[in-house]
Structures are given as C-alpha cells and as structure tokens.
Protein chains: 2
Amino acid sequence: MSKKQLIMESALELFAKQGFEATSVQQITVHSGISKGAFYLSFKSKDELIMALIDQFMDQFVSDIDRLVKDPNNTGGELLRKFYYTTFHSFQKHSDFAKVFIKEQAHSFNEELISKGRQFDQLIDDIILSMLDQLYGEAVQHTKYDLIYCIKGFMHVYSHIFLFFNVPLDLNLLCRSLTEKTDLLAKHSAIPFITEELYDTFRKAGHEEMTDRQITEIIAQKIEELEDSIEKESLILLKKDVQERSLSPAIVQGLIANIRNSPQSRWIAYLLLNFYDL
Amino acid sequence: MSKKQLIMESALELFAKQGFEATSVQQITVHSGISKGAFYLSFKSKDELIMALIDQFMDQFVSDIDRLVKDPNNTGGELLRKFYYTTFHSFQKHSDFAKVFIKEQAHSFNEELISKGRQFDQLIDDIILSMLDQLYGEAVQHTKYDLIYCIKGFMHVYSHIFLFFNVPLDLNLLCRSLTEKTDLLAKHSAIPFITEELYDTFRKAGHEEMTDRQITEIIAQKIEELEDSIEKESLILLKKDVQERSLSPAIVQGLIANIRNSPQSRWIAYLLLNFYDL
DNA sequence: TTGACAAATGACCACTTGGTCATTAGTATA
DNA sequence: TATACTAATGACCAAGTGGTCATTTGTCAA
C-alpha cells in the first residue's frame with residue numbers, strides 16, 4: 001500500500017470518529033506511525049487530504065450507481081429497488097466515508113468542499129431524474145422534482161439508521177419497503193410543490209462559474225492520477241482547450257463523452273459540461 | 001436587552017455563518033462590542049454559550065408544536081397540515097438557530113450536546129406518533145414507525161430549501177403537498193421496515209442513564225431561570241427527590257405532570273420520566 | 001468629595017494548531 | 001568504500017485558541 005493510501009485510511013478512521021476539524025495532523029501521523037514531515041510529503045495540506053478522501057468516496061459511489069443505471073438487464077420494476085439497494089450497500093460498505101461526508105458537508109468551512117458537495121448532489125439528482133423518466137415517463141411530468149426530494153429524504157433518514165446504530169438489518173426488506181413508498185408517491189401524488197422553474201432556481205443558486213484556472217488545476221491533478229489511456233489523452237486535450245478554446249464544439253463534446261464513460265472521472269465531465277455550457 | 005441576550009444573538013449570527021468551532025470567542029466579543037472579560041462574566045465557557053443557544057431553540061420549537069397538538073380545534077384533516085406548517089414556520093422564523101442546530105448536531109464533539117440532540121429527536125418522534133395515532137389509529141399499527149421516518153425525511157430535505165436558499169416560498173402549498181404525500185403513505189403503504197422491536201432498539205441505543213448529579217444540575221439551572229410559580233416549586237421538590245428518593249411515586253408523577261404542562265420545561269419532564277422509569 | 005461596590009477591560013497565560021526545514025537514515029550505483 | 005540520491009525525521013515556528021485576573025471605570029449613597 002502506498003504511503004498516501006496508508007495515511008488516507010488512517011485519517012479516515014479518525015475523521016469518522018471525531019470529525020475533520022477536531023482531528024489534528026499530529027494525531028493522524030501518530031495513528032499512521034509516521035512523522036509529521038512524511039505526512040507533508042504526501043499531502044500539501046490537511047485540506048488536500050480531506051478533499052482526496054471525499055473525492056475517492058464520490059468516485060466510488062458514482063461508479064456503483066453508474067454501473068447499475070447503465071445495466072440494460074434492469075427491467076422497470078427492479079430498477080428502483082436496485083437503486084436503493086446499491087445506495088445503501090455502498091453507504092454500508094464505505095460507512096466511514098459516508099460519515100465523514102455527512103458530517104463535513106454541513107460544515108461549510110472550505111469553499112471547494114461546498115462546491116464539490118453541491119455537484120455531487122446534482123449528480124445524484126440527475127441519476128434519480130433519469131430513473132424516474134425511465135420508470136414513469138410523462139406520468140410524473142409535474143411531480144418529478146418533488147419525487148427527487150422525497151427519495152433523497154428517504155435516503156437520508158434511513159442511512160442514519162445503519163450508519164449510526166450497530167444493528168444487523170435486512171437491507172432487502174428496507175429496499176422493498178422504500179420502493180413501495182416511492183411507487184405510491186409517483187403514481188398517486190398530485191400536488192407538486194417544486195416546479196421546474198423553482199428547481200432551476202435552486203440549481204443556479206450559488207453556481208458561480210469556475211475560472212479557467214480552477215478547472216485546469218483540477219484536470220491537471222486527475223491527469224497525474226491516471227495511467228496512459230484514451231481517457232487521459234482526452235483530458236490532456238481538454239485541459240489545453242480550456243485555456244486556448246481552439247477545438248470545435250463537436251470535438252470537445254466527443255472528448256467529454258470519452259471521459260464520461262469512465263465512472264472515476266465522471267464528475268470532471270460534469271464540471272466540463274457546465275464550463276462549456278453544453 | 002440583557003448582556004447575556006446580546007451575546008447570544010450576536011454569537012448566533014456568527015455560528016450560523018461559520019459554525020461553532022470556527023468561531024472564536026474573540027470574534028464574538030468584537031461582534032458584540034464587548035470585552036473578553038465581559039463575555040466570561042455572562043458565560044462560564046464557550047460550550048455553555050452554545051448549550052444555551054440550543055436550549056433556547058429547542059424550547060421555542062417544542063413550545064410551538066405543543067400549542068398546536070394541544071389545541072382541540074384542530075380537526076383530523078387539518079392537524080397534519082398544521083403540523084408541517086408550524087414546523088417550517090418555526091424553522092423559518094429562527095433560521096439561524098435551525099442552521100446552527102443542523103450543523104452542530106452532526107458534529108458530536110460535545111457529549112452533552114449529542115444527548116440533547118437525541119432527546120430532542122425522541123420528543124419529535126413522540127409528537128408525530130401521537131398525531132398519527134390520533135389521525136389513523138389502528139390502521140397504521142404496523143407502519144407507524146416507518147411513517148415517522150418518512151415525515152422526518154420530508155422535514156429534513158424541504159427545510160434545507162428555505163434554510164439555504166433565499167427564495168420566497170409558498171409555505172401553504174408546501175404543507176398541502178406534504179400532507180397529501182404523508183396521507184398517501186399512511187393509507188396505502190403496506191410493507192413496513194421498522195418494526196416496534198427495531199424501533200425500541202434504536203431508542204435504547206446509547207441511552208446511558210443520566211446520573212443523579214447530572215440531572216440535578218440541569219434542574220438547578222432551570223430553577224434559576226424561572227420566576228415563582230407552581231412549576232418552579234414542583235421543580236424544587238423534584239430536585240430534592242432526585243437525590244433523596246423520599247416521595248411516593250404518585251406525588252412524583254403529579255409533580256412531573258405540573259411541569260410537563262409548561263412547554264418551556266417540557267423536555268426536563270422528559271428527562272425525569274426517563275430517570276424515574278415512568 | 002469621598003468611599004464602597006460592581007461592571008468592564010485587555011494584557012497575559014499556557015497550550016494547541018497547521019506547516020517548515022535543516023538534518024539524518026537508508027539505499028542503490030560506481 | 002565512497003558518492004549521490006531520495007525518504008523520513010522531529011525540533012521548531014508563528015498564529016491563534018479558550019480562559020484568567022490585576023487593574024481601571026462607572027455609579028451609587030453618605
């Protein structure tokens with residue numbers, strides 16, 4: 001295991017237990033069995049560490065969900081159940097991550113972290129939305145935005161149960177139960193609150209465009225992580241284009257499609273789509 | 001306005017913006033226009049300040065809801081809608097409180113705060129439960145615990161909307177929308193996940209009994225806040241009994257009933273009922 | 001004007017924090 | 001063995017923390 005991984009796993013435990021701010025770099029180094037200097041060889045700052053952790057979790061989670069939504073074997077009825085199952089299973093498997101994520105998302109001390117949280121949230125929204133379209137189509141035209149919120153509400157309160165209590169739970173039953181509830185709401189709820197217009201307002205709120213500078217930096221970091229591949233090459237070209245704006249829209253769109261296929265950089269694709277206004 | 005109130009209001013703003021840990025006593029004193037020494041004349045510590053804030057919010061909120069549930073004018077159909085309305089209205093009115101509460105509840109740095117959060121949560125549960133009983137009775141016998149979680153899920157996601165976006169919202173429409181959803185679930189949902197047994201397990205989890213010492217202290221503090229009244233007298237008697245255990249169960253129960261009537265110390269009643277195992 | 005008392009101040013304390021960097025240990029090549 | 005290199009160390013730093021307390025200020029009655 002690389003030193004970086006060692007530190008991340010070690011810190012994750014502490015963050016999940018005590019929270020980010022309450023955990024000192026000192027504690028992390030002791031718990032990892034390394035020196036303070038060694039820590040700063042792997043991470044430029046404490047902030048960079050938590051960003052790396054959150055990134056890893058988001059990538060992992062999106063990758064899990066992505067596989068599911070793309071799988072053509074998921075016939076209508078089962079899709080919703082599997083969505084819940086994947087969600088909770090992922091939360092359970094990476095419960096330390098999930099705890100840190102939940103705890104630190106509320107605490108908006110870091111501008112970059114808020115933005116990341118918001119983007120993650122919007123990604124989830126999109127996945128749910130496409131699922132609802134697939135399942136109910138026109139029928140939920142006016143209630144779909146409320147359904148998103150209801151589903152996220154279910155996810156929130158029920159995750160708490162197995163994140164913060166140590167009880168063995170019947171995950172299958174939970175998912176069947178939530179599927180039934182969601183289905184009920186989708187089929188019979190008739191008084192929407194969140195209109196498309198309102199929803200758009202939320203989305204735009206605090207959507208201060210990223211600067212070329214910021215997005216270039218993020219891409220550069222991802223490039224370093226990747227080994228040679230179509231994906232990496234696409235990112236390199238895109239990074240250049242963000243600064244120079246010389247490629248045709250078709251090419252840009254194609255390049256983004258290339259990286260969008262890989263779950264581990266799907267949210268960079270997201271940033272880029274936003275950046276190019278596609 | 002008392003100096004204590006001044007500090008509390010001033011600190012509340014800062015906590016809502018930056019969070020508790022990220023706000024220094026220095027900042028609070030500057031923002032209040034007082035000296036550091038003056039701060040410590042009003043509060044023994046920074047922790048005591050936030051506890052006072054959370055207390056104030058909880059009392060306020062419980063008092064709002066309490067008035068509603070006790071009001072006999074609320075015929076069946078309207079009760080649910082008014083419950084949502086009161087909740088959101090209260091959150092909106094005290095949005096700074098609500099923000100601090102949401103932010104700091106997740107951050108379990110302070111043992112006393114976690115416990116307070118849990119008790120608040122259980123109080124809400126009880127209110128919802130009695131409402132469900134009143135509205136649907138036997139019909140929700142097996143699904144009522146799930147309904148609690150669904151309602152809390154709704155409360156959670158929809159509060160976020162007006163806590164963290166500055167958009168004018170039609171609160172009435174929101175409440176009608178949620179009432180419809182809740183009613184749908186109550187009447188048609190048939191696959192429960194949270195059984196009574198499971199629910200009890202959650203409740204007991206981390207319910208480390210309070211010591212006489214702790215509960216006496218809390219009562220003593222409340223006594224100081226109150227002016228002379230039946231309520232205050234009852235508390236004084238109860239405080240003595242917590243230590244000496246000399247009163248008969250009937251008297252104790254009666255005294256608790258006395259304070260339970262006043263919303264502003266309802267949650268002390270809660271502690272006592274737990275303490276005496278009633 | 002004096003004296004007594006409470007209210008308020010802010011310099012000060014011990015301590016912890018995130019972060020740095022001169023120094024050392026370890027290792028591979030020549 | 002000598003050289004060159006990176007990996008790792010931990011003493012150290014400035015900044016900031018929550019909290020204290022000798023001192024000053026303000027406000028009364030006598």
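Chain identifiers are assigned alphabetically (A, B, ...) following the order of the sequence lines, protein sequences preceding nucleic acid strands; residue numbering begins at 1 within each chain. Any value given below was found using the heavy atoms of this structure, including those in side chains, with hydrogens, waters and symmetry copies removed. Keep in mind the model is a prediction, meaning the values are calculated, not measured.
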First contact, last contact: which nucleotides of DNA chain C are these for chain B, 5' to 3', heavy-atom distance under 4.0 Å?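 So the contact region on DNA chain C extends C:dA8 to C:dG10.
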Protein-nucleotide distance ([X], atom [atom1]; [N], atom [atom2]), rounded to Å:
| X | N | atom1 | atom2 | value |
| --- | --- | --- | --- | --- |
| B:Leu49 | D:dG19 | CG | P | 11 Å |
| B:Asp47 | D:dG19 | CG | C1' | 12 Å |
| A:Lys4 | D:dA8 | NZ | P | 14 Å |
| A:Phe43 | D:dA8 | CZ | P | 14 Å |
| B:Lys46 | D:dG19 | NZ | P | 8 Å |
| B:Leu14 | D:dG18 | CG | P | 12 Å |

Would you say B:Lys44 places a side-chain N or O within less than 4.0 Å of OP1 or OP2 belonging to D:dG19?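 Answer no for this pair, as no side-chain N or O of B:Lys44 is under 4.0 Å from OP1 or OP2.
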For B:Lys36, which contact category applies under a 4.0 Å heavy-atom criterion: base, sugar-phosphate, or nothing?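 The answer is base, as B:Lys36 lies within the cut-off (heavy atoms under 4.0 Å) of a base atom.
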Students often get this wrong, so: under 4.0 angstrom with heavy atoms, is B:Thr23 touching a base, only sugar-phosphate, or nothing? sugar-phosphate
Going by heavy atoms in the side chains, are [X] and [Y] under 4.5 Å from each other?
| X | Y | value |
| --- | --- | --- |
| B:Phe164 | B:Lys99 | yes |
| B:Asp55 | B:Lys116 | yes |
| A:Leu49 | A:Ser45 | no |

Taking A:Ser90 for the side chain and A:Thr86 for the main chain, is one N or O donor matched with an acceptor at less than 3.5 Å? no
Here's a test of your reading of the structure: between A:Gln26 and A:Gly37, which maps to the more 5' nucleotide of DNA chain C?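 It is A:Gln26 whose nearest nucleotide is closer to the 5' end.
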Ring-plane angle category for A:Phe154 and B:Phe154, please: parallel below 30°, perpendicular beyond 60°, tilted otherwise.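 If you compare the ring of A:Phe154 with that of B:Phe154, the planes turn out tilted.
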Could you please spell out the steps behind the side chain to side chain donor-acceptor pair (under 3.5 Å) verdict for B:Asp241 and B:Tyr276? CA-CA 11 Å; B:Asp241 189 63; B:Tyr276 283 108; 2.6 Å; yes
